[in-house]
Amino acid sequence: MTGLQIAFLALSAVMLFAAWKVVTSDIIVHAALWMVLSFVAVAGIFLTLHAEFLFAVQLLVYAGAITALVIFAIMLSDIRELRGEGEPAGAGLGRRVRRLVSRRLGLAPAAVAVGFAAVMYSVYRATPWPGLPPGDPAPSTLAIGRELFGTYVVPFELASIVLLVAMVGAIVLTLREGGREKEEKRP
Amino acid sequence: MVEGDKAQPAMNDGTRQVLEAIRRDHPDWQPEVTRWGEVQLRVGREDLQAVARALRDDHGFNYCPSETVVDYVKEGRFELDVRLFNLDTGAKLVLKSDLPRDDATCPTLAGVWATCKWHEREIWDMFGVRFEGHPDLRRVFLSESFQGYPLRKDFVDARKPRPRLVRQR
Amino acid sequence: MGGARTRPEPQTGARENVIELPVLAEGSVEEISGRTRQRARFRGDFEYPGDDFEGPNVNRWQYLPQTPPVEDLLVEEVREIEGNEREMVMNMGPQHPSTHGVLRCVLGLRGEAITRCRPDIGYLHRCHEKLNELWSYQGTIALSDRLDYLAAMTNELAFVLAVEKLLEIEPTERADYIRVICSELQRIASHLLFFGTTALDLGAVTPFLHSFREREAVYDVFEYISGARLLYNYMRFGGVRTDFPPGTDKKIREVLDLLENRLPEYHDLLSYNPIFAVRTQGVGVLSRDDAIAWGAAGPVLRGSGVAYDLRKADPYSGYEKFDFKVCVEESGDVWARFMVRMKEIEESIKIIRQALDGLPEGDARGQVPRFIKPPPGEVYARVEGPRGELGCYVVSDGSDKPYRCHWRTPSFHHVSLLEFVPVGHLVADVVAIIGSMDPVFGEVDK
Amino acid sequence: MPAWLVTLGWAVLKASLILGFVLFNALFLVWWERKFAARIQSRVGPQRTGRPFGYLQSMADVFKLLSKEDVVPARVDRWMYVLAPIVIFVPAVLVYVVVPFGPNLIVQDLNIGILYVAAVTSFTMIAIVMAGWAANNKYSVVSAMRAAAQLVAYEVPLVLAVIGPVMLAGTLSLQGIVRAQEGLWYIVVQPLGFLVFLTAGMAELNRAPFDLSEAESELVAGYNIEYSGMRWSFFFLAEFSNLVAVSAIATTLFLGGWQAPWFLPAAVKGLIPPVVWFLAKTYFLVTVIMWIRWTLPRVRIDQLLDFGWKFLLPVSLANIALTGLLFPVLVRLGWI
């Protein structure tokens, strides 16, 4: 077993454990932070695969930006939900078991997860994976740039436009009537 | 500013005009002029709000710098003392009202001059004069658990004196 | 429910001076007394004098039966408003760097926007008016220094003017000039402090230290004149305690020159800084009508466009002899209140120069009886302090102590403005608004 | 000796060098900031400990902090409370991995260098949110939310400002960018980018006038309000470390890194070693940032976000467009 394999296994273990904690944490802010750990572990796996660009982007976008958004969403939501009210009472193992068998908190997510895993597995089986030659891969940043702005420039631009439209739509939807009163008074 | 001649108290033009206007419009109010040239208007507490409103609306007393109470314990009364001022003409006026000590209530002036809201909270805190119709009559300085009204002349602090810092073996 | 709850006898018998807990009226006192007891036990060997202290807010939530219910805002953590919206309740103070002492503001927040603000005062209450009734007239002069400790001269002046009216004595002309000089120097010192603290509240530390440097120069003059830097005990009935020592004129002029050189620097550093402008303009607008109705005074009132200055409107100590402007700004925001004060510094410099030029010869001490026993009567004297109209209402019953002494302090009313001015602004603006009211808690809490 | 042991040995050596640099740096900068601020404010600053200039003051502070009781308040979220100072400190140190102090004085010249910097520094926000939330204090939560909003708003112009030099140099590697500036520093052709980078960098650093999350006059102390002693000093350490890091990256990207000024004759260039040039430029920028901090008042949170989203972001985008347009011209002129 090489060092890379050990690193891969360790990172996978960390990632799975963190993901497990994300769904089982009592406190939602803890869940968000476990999610960060899971993202970091994924970034580490990218690094073991010599995908430095993806590593940096994973950290920048997911561990940084997405987490900030998640934390904002948490802070803007209902404080009673943050405190875990409306969940099965009790403490410790009993509560955890009750939660796992409850319809809202346990069974339905489990069914979704199983379904998703099945789909992913079938996709994985159906895809003909290209065999990469071993050795030092080409500088990935350059390759990604070439592919993105060369081969796939039309889908890339389309995706950007779709995202832009979504952003504008979100702003329009959340814009309150007339904005804040105070701003109107400002000179 | 104290004039040597007591017969001619210092009084500015605005005050003089207001005095004339009051004597003309409200013959029943009977304003007095003190030796410092202050115009004092003594009214019963049941008329207080009406008089205050008339003073504000008809005579332009838009500014109330001070409202307080004096405890004349021997005479068994509180004296409400409201200082009024007209920012445009500079006229000054004192509104007085007697409140019996055994029934220390008074109609509030908070609806006439907003600043009286806090003046009256202070009076309630210190003298225990309850202002009827006050929107937010809480103690302003002291704790809500404090007992008694410390500026009353018969106030006795019932709390025990604090013990000294003593080292014990 | 109710009844006297006394402290159980200690087991060891070691503490004989254990105090009984104070007995409140009807209502649950168990919680608080339990906690007090725990604290006492925790402190071990010592019995501290504070153990029985029923100060403000130890148990704000327990009400005496005759008290109307206090608004829940003072105790709640989160409160529901209009349907699903909730607000967080945040305590700002009494220990907070920007509340200028011991103001407690209970803020209702939606995000960072203020939905309501309740000023809660009384943390510095020192029974000032009660002490006035117990002290002699002369002693009260020294006591009144402690009211607005940043403007001790004008406090003394208000009281001295009131008692002079009662005694029907006139100060000497030289004393009047000296009083004017001292009042205006005091105004400069106070406004310099305001400049510094406003800068500090808005996050600029440097202007704060610069203004304190100049304030020290003013205090040096006070020290030279009266022997004290903060609490002077300088005014006397009929005059002042001591005449100006030789060389005072030169010293004061030096300070004025210094200030005139430095004021443009202040404006460069802070007043016309774009960040300062956006932080203050349009923030905390107090309308003209509100300012009048809520009894605002001084720069706060003048910042709202009311040209009301007691030095012009009801002159005392010979202010009618001097040529100066009443500084007024129309916009009523933090910026306006700031600019009014900055301009007043310049006007004060003008007044002092005129007073120094025209300082008459003569005695600075008046001829007054040794024992002050004013005839019965009541009088209300007022002066224009740095913070606005400072009124002193003295009732005499013919004895050597005031029968009643009421102080109309401007900061008290400026704090009351905080009930509605910050609403709709952000937390950062509350700091700026409190700073622009320039409250001094010595005179708010009395 | 096996190869992996050599690698490990080098790694340990480099790590301890970075750590030493960060710690020494903080000591020096604390002293320097206090003296500098004091001079601005017409004071003298510390002078008793280590007469006559108070150069031992930071050491005294360190001993004071070390000897303080480690207080963990009763109702904090204990794990997060303990972890937050570490989480904020680690990225502050990791940034230095790619900072080129000299032609050969760099820990690891990653080919994604500048992207790595952006990725690592984005962890600061997580640490601040952790600290603010764990302290169980309303002020610190407000502060943490401010910090999160601020970092999201200023991360974007920061990264976009970086793109200008990257386009000109054609590489993400910091060492490559420095080498590309041999003929001309990029501040000459990228003044807009430099200003945007410095402004956004100051916002990332929580330095005045953008120190919203530790606004002591509003939020008392911000997210670190409940921390004391050594735990608190970790935040402090990270702040100063980040201050130098931002200045160093700005130096690298816009001021030619360790290169001597291009207009100097070669004989003069040889006199001063590159690392001195680098540190001199970096500390110059650090001092500029301090200077700004002690001069300006603080902006308000909505003004801060407005400034970030509505001004800096368009400007940085315009800068990219401008760079793209100017690129052929510059190439023809032979400037790059």
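Model, not experiment: these values are computed from the prediction.
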[X] portion near chain C, given a 4.5 angstrom heavy-atom threshold:
X	answer
B/Glu67	backbone
B/Tyr72	both
B/Asp71	backbone

Parallel, tilted or perpendicular, as decided by the 30° and 60° cut-offs, for the rings of B/Phe141 and C/Phe412: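 Plane angle between 30° and 60°, so tilted.
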Whether B/His119 and C/His413 hold their rings parallel, tilted or perpendicular, with breakpoints at 30° and 60°: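 The rings of B/His119 and C/His413 sit tilted, inter-plane angle from 30° to 60°.
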Closer than 3.5 angstrom, by distance alone: can the side chain of [X] be matched with the main-chain N or O of [Y] as a donor-acceptor pair?
X	Y	answer
C/Arg408	B/Pro65	yes
C/Arg404	B/Val69	yes
B/Tyr63	C/Ala296	yes

Enter the distance from [X]:[atom1] to [Y]:[atom2] here, rounded to the nearest 0.5 Å.
X	Y	atom1	atom2	answer
C/Cys405	B/Leu151	SG	CG	10.5 Å
B/Thr68	C/Tyr393	OG1	OH	7.0 Å
B/Leu87	C/Arg288	CG	CZ	7.5 Å
B/Trp118	C/Leu417	CH2	CG	9.5 Å
B/Glu38	C/Lys165	CD	NZ	6.0 Å
B/Thr15	C/Asp314	OG1	CG	8.5 Å

With heavy-atom distances below 4.5 Å as the criterion, would you say the side chains of [X] and [Y] are in contact?
X	Y	result
C/Val395	B/Glu79	no
C/His406	B/Ser66	yes
C/Glu133	B/Lys153	yes
C/Lys446	B/Met126	no

N-O pairing of C/Glu378 and B/Lys96 below 4.0 Å: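 Yes, charged N to carboxylate O under 4.0 Å.
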Would you list the atom pairs, donor with acceptor, under 3.5 Å between side chains in residues 51-59 of chain B and any protein atom, with sequence neighbours excluded?
residue: B/Arg56; atom: NH1; partner: B/Val112; partner atom: O; Å: 2.8

B/Arg83/C/Glu389 under side-chain contact (heavy atoms from CB on, under 4.5 Å): CA gap, chis, key distance, verdict: CA-CA 12 Å; B/Arg83 301 273 152 177; C/Glu389 171 170 351; over 6 Å; no
Per-residue contact mode, [X] against chain B (heavy atom under 4.5 angstrom):
X	value
C/Glu129	both
C/Tyr380	both
C/Leu166	both
C/Val306	side chain
C/Pro119	both
C/Leu124	neither

Winner by heavy-atom pair count (cut-off under 4.5 Å) against chain C, out of B/Asp125, B/Asp81, B/Val94: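 Top option by heavy-atom pairs under 4.5 Å: B/Asp81.
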